[in-house]
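For the numbers below, each heavy atom of this structure counts, side chains included, while hydrogens, waters and symmetry mates do not. Keep in mind it's a predicted model, so treat the numbers as computed, not measured.
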Amino acid sequence: MLLELSALSRSPQSPRRRGLLAACVRFRPSVLRLLLVFPAPTSALPSRMEEPLRYKFGPYKIDAREVFHATPLTYAMVNLRPLLPGHVLVCPKREVKRFADLSSDETSDLWVTAKEVGAKLEQYHKASSITFAIQDGPQAGQTVAHVHIHVIPRKKGDFEKNDEIYDAIDVKEKEMKEKLDLDVERKDRSMEEMAHEATEYRALFS
């Protein structure tokens, strides 16, 4: 009887167990107390399926395949239209429009993450420098109202004049918003291309 009760305790909702418990009440109250003190192991209980990771970039949903690194507060994703090889975006997970609206923890984590991502990608692309750029507000060139840092590995001669890169970032920001708004087929960067790139970068953090 005790062996059977032990086995049935792993199926707390079974009709057979309810009937057996009723018998215990009539004949062996001490056995019932044992069953109540030692409930079914949690591994036997149904578990909820984990929800897929979800990322947002302003009002836009970002496919998790584009994200290659994340912390509790920050994520890094490949770029829809990279300016140079390794040009990625580092963003807070919370949708925050302006840099001043980040919490202290978010600010610190955002920059630490950008530093780590930059170091990995500089080495991966055999670059010699990194450009970190934030466009904070529409007059600064920000087209998607979600704080983000452009992280761009740099090599000698990639721009004839170094400051030209900032004009190029402005152009790419506008192009990125147009593509996200139109939601049309990405001719220059397919999802497969971006997912493949993200997979390669993800391995740098494993």
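- Between Thr143 and Gln135 the shortest side-chain heavy-atom distance does not fall below 4.5 Å.
- Scanning both residues, Arg202 and Val67, for their nearest heavy atoms gives NH2-O, 2.8 Å.
- Among residue pairs with one or both ends in residues 84-97, those qualifying as salt bridge (Lys or Arg N to Asp or Glu O under 4.0 Å) are Arg94-Glu106; sequence neighbours excluded.
- Counting heavy atoms from C-beta on, the side chains of His148 and Phe57 come closer than 4.5 Å.
- Looking at residues two or more places apart in sequence or on another chain, you find no salt bridge (Lys or Arg N to Asp or Glu O under 4.0 Å) involving Glu122.
- Here the OG1 atom belonging to Thr107 is positioned 4.5 Å from the CG atom belonging to Leu102, to the nearest 0.5 angstrom.
- Distance check: Thr131 OG1 to Leu84 CG gives 8.5 Å after rounding to the nearest 0.5 Å.
- Taking the side chain as every heavy atom from C-beta outward, Gln123 and Pro153 never approach each other to under 4.5 Å.
- Partners of Asp63 according to the side chain to side chain donor-acceptor pair (under 3.5 Å) rule, which considers only residues two or more places apart in sequence or in another chain, are Arg65.
- Tyr124 meets the side chain to side chain contact (heavy atoms under 4.5 Å, CB included) test with Glu200, Tyr201, Leu204; sequence neighbours excluded.
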(request) Go through the steps for Leu121 and His87 under the test side-chain contact (heavy atoms from CB on, under 4.5 Å), then give the verdict. (result) CA-CA 9 Å; Leu121 295 184; His87 178 190; over 6 Å; no

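- Every ring pair (Phe, Tyr, Trp, His ring centres under 6.0 Å) that Phe205 has, sequence neighbours left out, goes to His69.
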Under 3.5 Å, which donor-acceptor pairs do the side chains of residues 108-119 form with other protein atoms, sequence neighbours left out?
from, atom 1, to, atom 2, distance (Å)
Asp109, OD2, Thr71, OG1, 2.5
Asp109, OD2, Thr74, OG1, 2.6
Thr113, OG1, Asp109, O, 2.7

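- None of Val88, Val151, Leu89 except one satisfies the side chain to side chain contact (heavy atoms under 4.5 Å, CB included) rule with Asn79; the exception is Leu89.
- Using a 4.5 Å cut-off on side-chain heavy atoms (C-beta onward), Glu66 and Met191 make contact.
- No donor-acceptor distance shorter than 3.5 angstrom exists from the side chain of Tyr55 to the backbone of Ala76, with no hydrogens or angles considered.
- Sorted by first and then second residue, the salt bridge (Lys or Arg N to Asp or Glu O under 4.0 Å) pairs involving residues 134-155 (not counting sequence neighbours) are Arg98-Asp136, Arg154-Asp158.
- Side-chain atoms of Gln142 come within 3.5 Å of backbone N or O of Gly137 as a donor-acceptor pair.
- Taking hydrophobic clusters as Ile, Leu, Val, Met, Phe, Trp and Tyr residues chained together by side-chain heavy-atom distances below 4.5 Å, Leu73 does not share a cluster with Phe68.
- Partners of Asp101 by salt bridge (Lys or Arg N to Asp or Glu O under 4.0 Å), not counting sequence neighbours: none found.
- Distance CZ/Phe132 to NE2/His150: 13.0 Å, rounded to 0.5 Å.
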